[in-house]
Amino acid sequence: MSADIQELVARSRKALTEIENYSQEQVDALVKIIGKVVYDNAEMFARMAVEESKMGNFDDKLKKKLGKSKILWHSLKGKKSIGILSRDPETGITEIAKPVGVVGAVQPCTNPIVTPMANAMAAIKGRNTIIVTPHPRTANCTKVFIDMVKEAWAHLNPPNDIFLCVENPTIESTTELMKSVDVVVATGGPGMVKSAYSSGKPSFGVGPGNVQCLLDEGIDLKKAIDMIVTGRTFDNGIICSGEQTIIMPSSMKEAVEAELKARGVYVASAEEAEALKNTCYPEGRISKDMVGQSVQTMTKAAGLSVPEDCPLVSVWVDKNDRDSVLRKEKMFPLNVLLTYDSFDEAVEIANHNLSMEGKGHSVSIHSHNQEHIEQLGTAAKVSRVIVNAICSTTSGGSFTNGLNPTSTLGCGSWGNNSISENFYYRHLLNITRIALPLENKKVPTDEEIWG
């Protein structure tokens, strides 16, 4: 282990002992400030994130920082994470929360402020310490954020090393960190997540997204298309939970295309779709040069000419062309249109696309048919089904749904992850359970058990 990583981990472990007797009030004061620093400086952080990552756009990064900081603190405040969590007289179980220890958090360049904010709030909520290893491309803005948090903490005088940053991250230093901490939270590409699970330490990772969006009969089509376009274009399409397809009844084909065009969406011809495919997926793999770029950058590279205010390009894919690379995740403002003749077929199309990429993540549906909604939820190999909402901005938790707020979306065994839910502070708690004897509990006879 390098001396730098060894020193960081030793400092973090010392700080862990210094906060082991912190009260709920002390911890919550620290957690609140983490979110407030992002909220109060959202404009600066949004600008820094765009400039350093060369991905996404300022307006949406600003919205993300303002929104996620509020949602996270609103969700965390008032929740018990220290001492006795619950007493259940019926089972005789008392639950007591304890820290998991030193948390190592691997951050992506696509989300260099909000992800470390969310991970730090979750970790410190449970009296853990955290060491963040940012992506090399965005290491500066992550460090600036952490330094600003410490300045804002000064009047509370916490141990300085409860929140640390690897300042010159490399693949080697990140691997060493993951092997040295107590728990790993890896939010990034599949290679990094695989490395986390190979570290020998308990790990929470994410999987790739490829959100299939289904339209049902009887919906307000204008409203649905508004939400889909907003979700697909958010931050130049870089969000893993952004709507990737529109899978619609065959009878809606012309109406959907008309609604898209009414919002300035450019619907590409077959020839233009081929050019986009070759540009965005050279040799069948997603182009790193196109990730998080604007519509204008993407279309210019493909030799297309679209209006300056065009927010999104849509391409039709024949449902019989089952191997099209355009059915995979698209981390740029491009989406795919497909038709179905029965709802069973719609679900099959969604699952087929997920089998190509994104299995375990999320699907979206616009429907008022509860039977169809539950059919999709039963059949789709995903961890989240977002109903009548913008998937990209609500699957990670929202004021308008009951999902836990996070920036780390578990994808279950389908996505080679350890959890099939939104990563939350409770995942960073060790819980001791006191089991009292149930004095008046009747033991069933063998006949009652087996008969």
Side-chain angles (χ1 to χ4, degrees), residues 56-57 59-60 210-239 242-281 290 292-321 324-341 346 349-350 353 363-368 386 388-393:
N57 64 74
D59 288 343
D60 289 338
N210 186 18
V211 176
Q212 303 302 301
C213 182
L214 282 66
L215 301 185
D216 204 352
E217 301 279 4
I219 61 171
D220 182 334
L221 187 58
K222 180 181 185 301
K223 185 177 179 181
I225 295 298
D226 271 341
M227 287 193 277
I228 293 167
V229 172
T230 299
R232 182 77 283 265
T233 58
F234 192 86
D235 211 10
N236 289 354
I238 206 170
I239 306 296
E243 290 84 339
Q244 299 276 320
T245 60
I246 304 178
I247 303 170
M248 72 199 79
S250 298
S251 60
M252 282 188 185
K253 182 175 180 179
E254 292 182 2
V256 167
E257 186 164 323
E259 289 290 350
L260 288 169
K261 289 179 177 177
R263 280 149 194 77
V265 175
Y266 187 83
V267 181
S269 67
E271 184 179 347
E272 290 170 330
E274 188 67 19
L276 285 163
K277 182 179 77 172
N278 293 335
T279 299
C280 295
Y281 294 92
M290 290 297 106
Q293 302 307 304
S294 67
V295 167
Q296 287 67 35
T297 298
M298 178 185 71
T299 53
K300 183 178 180 181
L304 277 67
S305 178
V306 302
E308 275 299 311
D309 60 351
C310 173
L312 174 69
V313 176
S314 293
V315 298
W316 286 100
V317 169
D318 188 330
K319 63 186 177 185
N320 296 313
D321 183 5
S324 173
V325 72
L326 291 172
R327 291 173 177 254
K328 291 187 174 184
E329 183 179 30
K330 296 162 281 295
M331 299 181 73
F332 22 75
L334 178 70
N335 79 336
V336 162
L337 312 176
L338 295 124
T339 61
Y340 67 84
D341 294 321
I349 291 170
N353 292 351
V363 295
S364 167
I365 182 170
H366 294 267
S367 175
H368 302 300
I386 304 301
N388 298 330
I390 301 171
C391 189
S392 70
T393 56

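Every heavy atom of this structure was used, including side-chain atoms; hydrogens, water molecules and symmetry mates were not.
You'll find the side chain of Leu338 stays beyond 4.5 Å of the side chain of Met248, heavy atoms only. When side chains are defined from C-beta on, Leu260 counts as touching Ile246, because their heavy atoms get closer than 4.5 Å. Contact of the Cys213 side chain with the His366 side chain is registered, since non-hydrogen atoms from C-beta on lie closer than 4.5 Å. Residues Ile365 and Asn388 fail the side-chain proximity criterion, which asks for heavy atoms closer than 4.5 Å. Within the 4.5 Å cutoff, side-chain heavy atoms of Ile247 are placed close to those of Tyr340. Put simply, the side chain of Gln244 does not reach to within 4.5 Å of the side chain of Asn353, judged on heavy atoms. Within the 4.5 Å cutoff, the side chain of Gln212 has no heavy atoms near those of the Arg327 side chain. Residues Val267 and Trp316 have side chains in contact (heavy-atom distance under 4.5 Å, counting atoms from C-beta outward).
One finds a salt bridge joining Asp341 and Lys319 here, because a Lys/Arg side-chain nitrogen approaches an Asp/Glu carboxylate oxygen to under 4.0 Å. Using a cut-off of 4.0 Å between Lys/Arg side-chain N and Asp/Glu carboxylate O, Glu257 and Lys253 are scored as not salt-bridged.
Side-chain N or O atoms of Ser392 include one that pairs as donor or acceptor with a backbone N or O of Gly231 at under 3.5 Å. A donor-acceptor distance shorter than 3.5 angstrom exists from the side chain of Lys330 to the backbone of Lys328, with no hydrogens or angles considered. Remark: side-chain polar atoms of Asp235 are not paired, donor with acceptor, to backbone N or O of Gly237 under 3.5 angstrom. Counting only distance, with no hydrogens or angles, the side chain of Arg232 and the backbone of Phe332 share a donor-acceptor pair below 3.5 Å. Between the Thr279 side chain and the Ala275 main chain, a donor and an acceptor come within less than 3.5 Å of each other.
Of all the heavy atoms in Ala389 and Glu243, the pair that sits closest is O-OE2, 4.0 Å.
Between the side chains of Ser294 and Asn236, no donor-acceptor pair of N or O atoms lies under 3.5 Å.
Here the CD1-CD1 distance, from Ile239 to Ile390, works out to 12.0 Å after rounding to the nearest 0.5 Å.
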